[in-house]
Participant: 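Below are the structure tokens for one structure; questions will follow.
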There are 2 protein chains.
Amino acid sequence: MEMGQRAPVGRPRGFDADMALERAMRVFWEQGYEGASLTDLTHAMGITRTSMYAAFGNKEELFHKALERYTEGPASYGARALREPTARQVATAYLHGSVLATTRPGAPAGCFGVQGSLAAGGTGGHARDTLTTWRNAHTALLRDRLRRAVDEGDLPPDADPDLLARYLTTVANGIAVQAAGGLAREELRKVADMALLNWPPATGA
Amino acid sequence: MEMGQRAPVGRPRGFDADMALERAMRVFWEQGYEGASLTDLTHAMGITRTSMYAAFGNKEELFHKALERYTEGPASYGARALREPTARQVATAYLHGSVLATTRPGAPAGCFGVQGSLAAGGTGGHARDTLTTWRNAHTALLRDRLRRAVDEGDLPPDADPDLLARYLTTVANGIAVQAAGGLAREELRKVADMALLNWPPATGA
DNA sequence: CTCCTTCTGTACCGATCGGTGCTGAAGATG
DNA sequence: CATCTTCAGCACCGATCGGTACAGAAGGAG
């Protein structure tokens with residue numbers, strides 16, 4: 001048992017799984033879980049149904065993996081915003097990041113986590129719940145970061161981190177809906193800036 | 001041709017079309033256009049497929065009629081808000097109305113116009129475009145009202161009615177997404193109030 | 001080469017999709 | 001009563017849904 005490296009036996013797969021997942025992510029992003037058929041997905045991925053099932057399990061697992069890829073790719077602005085030094089910079093980076101991510105040329109308009117499945121019937125319920133959980137997780141991360149900001153004197157002691165986090169994600173979700181409807185990046189940028197006008201001032205530690 | 005009243009000949013229909021449309025509206029509201037199957041719809045409406053097609057045309061027409069009913073019913077807060085005397089009151093009524101409408105007990109959570117179809121594949125494209133148009137129409141109504149507010153000195157001369165209207169609908173859409181995820185009414189109310197903090201002061205005519 | 005494992009493509013599965021033809025039943029009119 | 005018109009219900013349409021059985025192709029190991 002001295003082999004640390006994986007030694008793939010058998011016929012190697014004839015496609016780039018990473019690229020295939022990227023393509024699948026875009027289809028889900030544009031059409032939602034239920035709106036994306038296996039035919040749509042496999043055509044975009046450039047592989048057959050059989051290869052997709054062998055590599056990713058089934059449609060629901062493919063959706064989960066596409067969501068993970070979305071989180072680490074187009075939605076990585078969220079994690080980056082959390083690392084900003086002050087609460088105001090966190091808020092600004094978060095909303096500006098959401099504008100950029102939902103209006104990126106060459107990518108689907110809007111947010112995977114919003115339009116991927118807001119409503120569903122039948123088999124789509126799991127996907128809808130998954131994305132609700134995903135959105136709430138983002139809110140929780142933001143809330144924790146803002147709690148720290150209160151401790152650091154970066155927000156007034158009477159500031160409500162829960163409310164502020166919920167406010168930011170609500171605006172970000174609204175931005176995603178507007179972007180999905182085709183609103184231009186510059187317009188959304190102005191909306192985001194307006195939403196930041198009422199941000200509580202720092203107390204100065 | 002002196003008969004002004006309609007004289008329905010033949011067998012009268014055996015169900016209440018108004019109530020059936022109300023039920024259909026709720027199914028579309030909860031499950032979206034593509035997520036709502038004809039089986040779901042007709043079961044909720046308490047009628048057969050044939051009766052549905054005779055009374056409403058097809059699925060797409062039923063969706064349009066359900067949207068009209070939604071506009072005049074649960075979404076009528078929008079038209080009411082436009083009739084408020086001042087811009088601030090318009091904005092407050094609009095956001096508070098959206099909170100109430102998207103969190104009404106006994107009704108689906110969220111907004112028909114948002115989750116009805118943000119993303120779609122195949123035949124759902126028309127529904128998605130219809131709702132995008134619907135949301136933009138609401139924004140335009142709000143913008144026109146706020147333009148009047150500038151003329152009336154109810155908003156500063158340098159206020160941007162386009163931006164303010166887009167801001168309000170963006171927040172309202174975000175509220176709808178949060179509500180669809182199950183956020184409580186009181187929480188959303190606080191978010192709405194926070195979004196109203198930066199509303200421009202009246203100049204005093 | 002032969003064996004073994006894995007991947008690929010075809011062809012197909014039962015279920016469900018939106019939509020309809022047809023047969024009677026039901027009420028209005030005479 | 002008979003007649004006319006509309007509605008209701010069943011069975012069914014072709015198309016598509018997500019998912020899979022099977023056979024052959026393609027590589028590594030001996």
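Since this is a predicted model, take the numbers as computed values, not measurements. In what follows, chains are A, B, ... by sequence order, proteins preceding strands, each numbered from 1.
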Participant: Whole angstrom is fine here: how far is it from CD in A/Glu34 over to C1' in D/dC17?
Facilitator: 11 Å
Participant: Kindly point out which of C/dG19, C/dG9, D/dT20 is positioned nearest to the side chain of A/Thr48?
Facilitator: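 That would be C/dG9.
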Participant: With hydrogens left out and only the distance checked, is there a donor-acceptor pair under 3.5 Å joining B/Arg49's side chain and the base of C/dG18?
Facilitator: yes
Participant: Indicate whether any N or O donor in one side chain lies under 3.5 Å from an N or O acceptor in the other, for B/Thr132 and B/Asp129.
Facilitator: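 Per modelled atom types, B/Thr132 and B/Asp129 side chains form no pair under 3.5 Å.
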Participant: From the options C/dG18, C/dA26, D/dG27, select the nucleotide whose nearest atom is closest to the side chain of B/Arg11.
Facilitator: C/dA26
Participant: Would you check if the side chain of B/Thr103 reaches a backbone N or O of B/Val99 as a donor-acceptor pair within less than 3.5 Å?
Facilitator: yes
Participant: Rounded to whole angstroms, how far apart are CD1 on B/Ile47 and P on D/dG9?
Facilitator: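 From B/Ile47 CD1 to D/dG9 P: 9 Å.
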Participant: Whole-Å distance between D/dT16 P and A/Leu41 CG?
Facilitator: 16 Å
Participant: So do A/Cys111 and A/Tyr70 actually touch side chain to side chain, heavy atoms under 4.5 Å?
Facilitator: yes
Participant: What is the nucleic acid contact for A/Thr50, judged by heavy atoms within less than 4.0 Å: base, sugar-phosphate only, or nothing?
Facilitator: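 It contacts base atoms.
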Participant: Among C/dG19, C/dT8, D/dG19, which nucleotide sits nearest the side chain of A/Phe15?
Facilitator: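 Of the options given, the side chain of A/Phe15 lies nearest C/dT8.
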Participant: Answer with yes or no whether the side chains of B/Thr92 and B/Arg88 bring together a donor and an acceptor at under 3.5 Å.
Facilitator: no
Participant: Please state how far atom CD in A/Glu61 lies from atom P in D/dG19, giving the value in whole angstrom units.
Facilitator: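 Checked: the CD to P distance equals 10 Å.
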Participant: Rounded to whole Å, please give me the gap between NE2 in A/His43 and P in C/dG9.
Facilitator: 12 Å
Participant: Send over the distance from A/Arg13 CZ to D/dA25 C1', rounded to a whole Å.
Facilitator: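 The answer, rounded to whole Å, is 17 Å.
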Participant: So, B/Gln178 versus A/Thr169: side-chain donor-acceptor pair below 3.5 Å or not?
Facilitator: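 Checked: B/Gln178/A/Thr169 side chains pair up, N/O donor to acceptor below 3.5 Å.
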Participant: Need one value for B/Thr39: base, sugar-phosphate or nothing, where a base atom within 4.0 Å counts as base even if backbone is also close, heavy atoms only.
Facilitator: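 Sugar-phosphate contact only.
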Participant: May I have the distance from A/Tyr33 (atom OH) to D/dC17 (atom P), rounded to whole angstrom?
Facilitator: 13 Å
Participant: Can you check the A/Gln31 CD to D/dC17 P distance for me, whole Å?
Facilitator: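 Going from CD in A/Gln31 over to P in D/dC17 covers 10 Å.
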